[in-house]
Amino acid sequence: MRTKVVLVTGASSGIGESAARHLKEAGFTVYAAARRVERMAGLRDAGVHTIALDVTDDRSAQAAVAQILAEQGHIDVLVNNAGYGSYGALEDVPLTEAQAQLDVNVLGLARMAQLVLPPMRAQRSGTIINIASMGGNFTTPLGAWYHASKYAVEALSDAMRMELAPFGIDVVVIEPGSIRTEWGGIAAAKVLETSGRGAYRKQAEQVAAVLGRTSVPGARMTSSADVVARAITRAATSRRPRARYRIGFGAKPLFFLHRILPARVFDRLIQRGMGIGG
């Protein structure tokens, strides 16, 4: 049997880096891709192929996929992990920033899927794993555009799952809860930059404090990126993967509460969790 080949986007840190390591240990030939190749030196030393990729750039994306196909002849798994959190009050966020958020989290994901699907259809097999979030099913204050992007990932994944089933291609959504990575610190800085002055200042400071804590080593009420990486590896190695994997701190309880509580009651729960009165 041939060794399966996997492409992991956004692999320079956090979930993507951990997923690349776990998939390599599971026996895959792994291509870890990110804009900053120098940050993936540790992965390269571990036997992972590292390549430059900007998911918002057509030429970069085409070149990355073409390189893998030239070197390996096939791509069996795509892990669409590249993404970031753009936080700020809707009133404050410039639409250019909103566009940038959607370009990475939604259109970048779709671009990579479009490029790997022709060879997957030709071989009549493959798995596309899209990293969404528990925030693709409910929202937090000052995260409108981030949540909109993750809601879109959920919808795209559902459509793709039905479209691609006749070709033997599986589509999986990973819905992490609160994960301990750089993501929270970056999102915290973004919310302060965008809404740290003016009418939403107090909310921005409260939300930033909560987001920032998830980046602290050993942070309470978070899970490690390895938890998500193990779910990705299970999906990639399963003959019949689940449509969704809800993993990490808070994911399953909050999904349940969102389903059973009235909307305004759930709003208050989320507001309190983000340190906001309401």
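Applying the side-chain contact (heavy atoms from CB on, under 4.5 Å) test between Pro119 and each of Val65, Ile68, Leu69 identifies Leu69 as the sole match.
Here Asp170 does not pair with Arg240 in a salt bridge; the nearest charged N to carboxylate O distance is not below 4.0 Å. The pair Lys150-Glu154 does not count as a salt bridge, with every side-chain nitrogen at least 4.0 angstrom from each carboxylate oxygen. We find that Arg161 and Asp158 are joined by a salt bridge, their nearest charged nitrogen and carboxylate oxygen being less than 4.0 Å apart. By the 4.0 Å N-to-carboxylate-O rule, Arg39 lies close enough to Glu182 to be salt-bridged with it.
Side chains of Asp92 and Ser195: a donor-acceptor N/O pair is present below 3.5 angstrom, by distance only. Donor-acceptor pairing under 3.5 Å is recorded for the side chains of Ser86 and Glu97. Checking Gln101 against Tyr146 by side-chain atom types alone, no donor-acceptor pair falls below 3.5 Å. Ser60 and Asp54 share no side-chain donor-acceptor pair at under 3.5 Å.
When the side chains of ILVMFWY residues are joined at heavy-atom separations under 4.5 Å, either directly or via intervening members, Leu102 and Ile131 end up in two distinct hydrophobic clusters. Put simply, Val228 and Ile186 are part of two different groups of oily side chains (I, L, V, M, F, W, Y) that touch within less than 4.5 Å, one to the next.
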Inset, instruction - In sequence, state the C-alpha distance, the side-chain angles, and the governing distance for Glu17 and Arg21, and then conclude on salt bridge (charged side-chain N to carboxylate O under 4.0 Å, His left out). - result: CA-CA 6 Å; Glu17 179 183 6; Arg21 292 184 183 278; 3.5 Å; yes
Legend entry - Val77 and Leu23: CA distance, side-chain angles, deciding distance, side chain to side chain contact (heavy atoms under 4.5 Å, CB included) verdict: CA-CA 10 Å; Val77 181; Leu23 289 162; 5.9 Å; no
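In this structure, CZ on Arg35 lies 11.5 Å from CG on Asp57, to the nearest 0.5 angstrom. In this structure, Ser157 OG and Glu175 CD are separated by 9.0 Å, a value rounded to the nearest 0.5 Å. Here the CD-CD distance, from Gln271 to Gln203, works out to 7.5 Å after rounding to the nearest 0.5 Å. Rounding to the nearest 0.5 Å gives a distance of 10.5 Å between OG1 of Thr29 and CD of Glu71. The CZ atom of Arg246 sits 11.5 Å away from the CD1 atom of Ile174 when rounded to the nearest 0.5 Å.
A donor-acceptor contact shorter than 3.5 Å links the side chain of Asn81 to the backbone of Gly10. Under the 3.5 Å distance criterion, the side-chain polar atoms of Arg124 are matched with a main-chain donor or acceptor of Pro166. At least one donor-acceptor pair closer than 3.5 Å links the side chain of His147 to the backbone N or O of Phe138.
Atom CH2 of Trp145 sits in a sparse spot, with 12 or fewer heavy atoms from other residues, nucleotides or ligands closer than 6.0 Å.
Taking the six-membered ring where tryptophan is involved, the planes of His49 and Tyr31 are essentially parallel, since the angle between them stays under 30° and well short of 60°.
Cation-pi geometry between Arg121 and Phe167 is met: under 6.0 angstrom from the ring centre, within 45 degrees of the axis. Annotation: cation-pi pair Arg234/Tyr245 absent, no NZ/CZ under 6.0 Å from the ring centroid and within 45° of its normal.
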